[in-house]
S.K.: 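This structure is in structure tokens; I'll ask about it shortly.
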Amino acid sequence: MSKQISLLLLPLAALLGQTPAPKPPTPKPAVPATKPAPKPAAATTATPAPTAPTAPAAPAVPDTSAMPGETVILTIGSEKMTKAQWEELIAALPERVQAEAKGANRKKVAEQLAEVKAMAQEAQKRKLDQTAKFQAQMGLQKDQLLAQALYQELTANLKTDDAAAKVYYDANQAKYESITARHILVRMKGSPVPLRPDTKDLSDEEALARAKDLKAKLDAGAKFDELAKTDSDDTGSGANGGALGTFPRGNMVPAFEQAAFAQTPGKVSEPVKTQFGYHLILVDEKKAKSFDEAKPEIEGQLKPEMAKKAIETVKNSASPVYNEAYFGK
């Protein structure tokens, strides 16, 4: 029984329009390192694979555009729902649920709603809606929905001040910088980068010495892209002359990023150590977004703080008073 109730709560939560929990942040990639190529499979006489059964076609969604709004489309006990009422209900749901309710799963959503409605009707017959506990929960839920509606209205109408945005830009210009760079990697023991075939697993001292040797060759006129192809232990970028593409701050491991963004374009860095090994970095180009280019991003960063202040203003205008004998100071 507990499993059935928990399954019921999922569609119920969706129908009430609760906001889904935010997704965890995507981990920042480290300095690119190519996985070892898979070993070729041994030659065998392959048996033809059986043909996979064809998946059943998704059920067709009826075209109801010409159906009058007053048409009853769902009856649950004594309660009837018209097409117009259904569409009004669907429009109030989160977008992800709206897509389900309008698409191939329209009937499934209706079945979930019917289940919730049937249980609600039975609960009313048992006068569960008259209990103090239910009334308290209903009042709190109403307040939450109203607070959410106010928050959405506040954020939709927020206007960022150009002067404040410019102050933020000037204080955070590093956020809007990006570079186009290459690197040559010399791995050492313990590096997560796979050891290339027929190469020695170098100690830290040996890896540093080899990086310095490669730096000397570059200073003597060797081509960076050619040396990356033959000598970089990052075989993925090495095949492209060590190219890492264009990236902003926050995409590389800290030691690499700090050295790369401090590097003068066109000059090869001294060996830079990370957990991957020793890197020789060549920055091809540095760019920085202008204020006008960065403004939309800045507005997105300032609005949550502005909304927070607006909410604080609303709360303070209500002058809440807390009983210190109960809540403490």
S.K.: Is there a side chain to side chain contact (heavy atoms under 4.5 Å, CB included) between His183 and Ser237? Walk through the geometry before answering.
M.R.: CA-CA 8 Å; His183 84 138; Ser237 67; 3.3 Å; yes

S.K.: Does any non-hydrogen side-chain atom of Leu218 lie less than 4.5 Å from one of Leu280?
M.R.: yes

S.K.: Just by modelled atom types, is the Leu302 backbone N or O under 3.5 Å from a matching donor or acceptor in the Glu305 side chain?
M.R.: no

S.K.: Is Lys273 salt-bridged to Asp204, going by a charged N under 4.0 Å from an acidic O?
M.R.: yes

S.K.: Give a yes or no answer on whether the side chain of Glu293 reaches the backbone of Ser290 with a donor-acceptor pair at less than 3.5 Å.
M.R.: yes

S.K.: Do you know which of Arg196, Arg187, Lys189 makes salt bridge (charged side-chain N to carboxylate O under 4.0 Å, His left out) with Asp201?
M.R.: Arg187

S.K.: Would you check if the side chain of Gln98 reaches a backbone N or O of Lys102 as a donor-acceptor pair within less than 3.5 Å?
M.R.: no

S.K.: Is there a donor-acceptor contact under 3.5 Å from the side chain of Thr64 to the main chain of Met67?
M.R.: no

S.K.: Taking the side chain as everything from C-beta on, heavy atoms only, tell me whether Ile184 gets closer than 4.5 Å to Val268.
M.R.: no

S.K.: Is there a side-chain contact between Leu244 and Phe256 (heavy atoms, below 4.5 Å)?
M.R.: yes

S.K.: Please walk me through it: do Leu113 and Leu89 pass side chain to side chain contact (heavy atoms under 4.5 Å, CB included)?
M.R.: CA-CA 11 Å; Leu113 176 61; Leu89 171 67; 3.7 Å; yes

S.K.: Please determine which of Lys295, Glu297, Gln301 meets the side-chain contact (heavy atoms from CB on, under 4.5 Å) test together with Glu299.
M.R.: Lys295

S.K.: Between Thr230 (side chain) and Glu226 (backbone), is there a donor-acceptor pair under 3.5 Å?
M.R.: yes

S.K.: For Glu122, give me all partners under side chain to side chain donor-acceptor pair (under 3.5 Å), at least two apart in sequence or on another chain.
M.R.: Arg126

S.K.: Salt bridge check: are Glu312 and Lys315 linked by an N-O gap of less than 4.0 Å?
M.R.: yes

S.K.: Quick test of your reading of the model: are Glu177 and Arg249 salt-bridged, counting only N-O distances below 4.0 Å?
M.R.: yes

S.K.: With side-chain hydrogen bond (donor to acceptor under 3.5 Å, both in side chains) as the criterion, how do Tyr168 and Lys175 come out once you've worked through the C-alpha distance, each side chain's angles and the decisive distance to 0.1 Å?
M.R.: CA-CA 11 Å; Tyr168 184 90; Lys175 288 184 178 182; 2.8 Å; yes

S.K.: Taking transitive links into account, so neighbours of neighbours count too, which hydrophobic residues share a cluster with Phe134 at under 4.5 Å side-chain distance?
M.R.: Met138

S.K.: Using modelled atom types only, decide if a donor and an acceptor are shared between the side chain of Asn251 and the backbone of Phe247 within a distance under 3.5 Å.
M.R.: no

S.K.: Under 3.5 Å, is there a donor on one side chain and an acceptor on the other for Asp234 and Ser232?
M.R.: no

S.K.: Answer yes or no: are there more than 12 heavy-atom neighbours, outside Gln137 itself, under 6.0 Å from its atom CD?
M.R.: yes

S.K.: Are the side chains of Lys212 and Pro271 in touch, meaning some heavy atoms are under 4.5 Å apart?
M.R.: yes

S.K.: Are the side chain of Asp161 and the backbone of Ala164 linked by a donor-acceptor contact shorter than 3.5 Å?
M.R.: yes

S.K.: Looking only at heavy atoms, which two atoms of Gly242 and Ala228 are closest? And how far apart?
M.R.: N-CB, 3.6 Å

S.K.: Ignoring hydrogens, what is the shortest heavy-atom contact between Ala260 and Ile179? Give both atom names and the distance.
M.R.: CB-CD1, 3.5 Å

S.K.: Treating Ile, Leu, Val, Met, Phe, Trp and Tyr as nodes and any side-chain heavy-atom pair under 4.5 angstrom as an edge, say whether Leu214 and Leu282 lie in one connected cluster.
M.R.: yes

S.K.: Looking at Ser269 and Ile281, would you say the former's side chain and the latter's main chain have a donor-acceptor pair under 3.5 Å?
M.R.: yes

S.K.: Can you sort out the partners of Glu206 under salt bridge (charged side-chain N to carboxylate O under 4.0 Å, His left out), two or more places apart, ordered by chain and number?
M.R.: Lys200

S.K.: Just so I know, are the side chains of Val283 and Thr264 near enough to count as touching, which here means a heavy-atom distance under 4.5 Å?
M.R.: no

S.K.: Kindly check if the number of other-residue, nucleotide or ligand heavy atoms within 6.0 Å of NZ (Lys286) is above 12?
M.R.: yes

S.K.: Quick one: do Ile76 and Leu74 satisfy side chain to side chain contact (heavy atoms under 4.5 Å, CB included)? Show the steps, please.
M.R.: CA-CA 7 Å; Ile76 309 146; Leu74 181 61; 3.7 Å; yes

S.K.: For the NZ atom on Lys83, are there more than 12 heavy atoms of other groups (residues, nucleotides or ligands in this structure) within a distance under 6.0 Å?
M.R.: yes

S.K.: Between the side chains of Thr313 and Asn316, does any donor sit under 3.5 Å from an acceptor?
M.R.: no

S.K.: Is any side-chain heavy atom of Thr155 closer than 4.5 Å to a side-chain heavy atom of Lys303?
M.R.: no

S.K.: Decide whether Lys215 and Tyr278 meet the rule of one side-chain donor and one side-chain acceptor closer than 3.5 Å.
M.R.: no

S.K.: Find out whether Asp231 and Arg210 are in side-chain contact, i.e. whether some heavy atom of one side chain is under 4.5 Å from a heavy atom of the other.
M.R.: yes

S.K.: Does Asp213 reach the main-chain N or O of Ala209 with its side chain, forming a donor-acceptor pair under 3.5 Å?
M.R.: no

S.K.: I need the minimum non-hydrogen distance between Phe276 and Val253, along with the two atoms involved.
M.R.: CE1-CG1, 3.9 Å

S.K.: Short question: side chain of Asp129, backbone of Thr131 - any donor-acceptor pair under 3.5 Å?
M.R.: no

S.K.: Determine whether Gln173 and Phe291 satisfy the following criterion, side chain to side chain contact (heavy atoms under 4.5 Å, CB included), listing intermediate values before the conclusion.
M.R.: CA-CA 9 Å; Gln173 284 195 28; Phe291 172 66; over 6 Å; no

S.K.: Answer yes or no: is there an ion pair linking Lys166 with Asp170, defined by an N-O contact shorter than 4.0 Å?
M.R.: yes

